[in-house]
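Data block below; observations after.
What's counted below: heavy atoms across the whole structure, side chains too, no hydrogens, waters or symmetry copies.
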Amino acid sequence: MEQFALEIIKDSDKLSFDVVDYAHHEEENRCKFEVLHKGKFIASFEPDSRGFLHICKNTGDVDEEILHLIADKLEIMNF
C-alpha cells in the first residue's frame, strides 16, 4: 500500500486529495485506488483490462466530474 497526494484543477480552483494505491489488490472487496478528501473517503477506482480507470465506489459527496478529473490524472501517472 502506498499513499500520495494528488492535485487537480477545476474551474481555476486547485483541489487536493490523498490517494491510497493498493498495488497488490487481490481482495475482491477492495478497489485498486481509494481517494480521500480532508481525510474522508470519497471514492475508489478500478482499472479495466486496458488500464482505464472506472469508479468502483462513490459516496456521492463529490461531483462526478471531479472524480473523472482524478481518474484522468491517475491514468496519466501510468498506474
**Request:** Report the C-alpha separation of His37 and Asp61 in whole Å, then their side-chain angles, then the decisive distance to 0.1 Å, and conclude whether the side chain to side chain contact (heavy atoms under 4.5 Å, CB included) test is met.
**Result:** CA-CA 10 Å; His37 185 250; Asp61 292 340; over 6 Å; no
**Request:** Evaluate the criterion side chain to side chain contact (heavy atoms under 4.5 Å, CB included) for residue pair Phe45 and Ile55; output intermediate values, then yes/no.
**Result:** CA-CA 5 Å; Phe45 295 92; Ile55 297 170; 3.7 Å; yes
**Item:** Derivation of the side chain to side chain contact (heavy atoms under 4.5 Å, CB included) call for Phe4 and Met77
**Value:** CA-CA 12 Å; Phe4 57 92; Met77 297 170 77; 3.9 Å; yes
**Request:** Please step through side chain to side chain contact (heavy atoms under 4.5 Å, CB included) for the pair Lys32 and Asp21, ending with a clear verdict.
**Result:** CA-CA 6 Å; Lys32 178 160 173 52; Asp21 178 359; 2.7 Å; yes
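Residues passing the side chain to side chain contact (heavy atoms under 4.5 Å, CB included) test with Leu69, sequence neighbours excluded: Ile8, Lys10. Here Lys14 pairs with Glu7 under the salt bridge (charged side-chain N to carboxylate O under 4.0 Å, His left out) rule; sequence neighbours left out. Partners of Asp63 by salt bridge (charged side-chain N to carboxylate O under 4.0 Å, His left out), not counting sequence neighbours: none found. For Asp48, the side chain to side chain contact (heavy atoms under 4.5 Å, CB included) partners are Arg50, Phe52, His54, not counting sequence neighbours. Residues that satisfy the side chain to side chain contact (heavy atoms under 4.5 Å, CB included) test with Asp18, not counting sequence neighbours, are Gln3, Ala5, Leu36. Every side chain to side chain contact (heavy atoms under 4.5 Å, CB included) that Val62 has, sequence neighbours left out, goes to Ile42, Ile66, Leu67.
If you take CG on Leu53 and CD1 on Ile70, they are separated by 11.0 Å, rounding to the nearest 0.5 Å.
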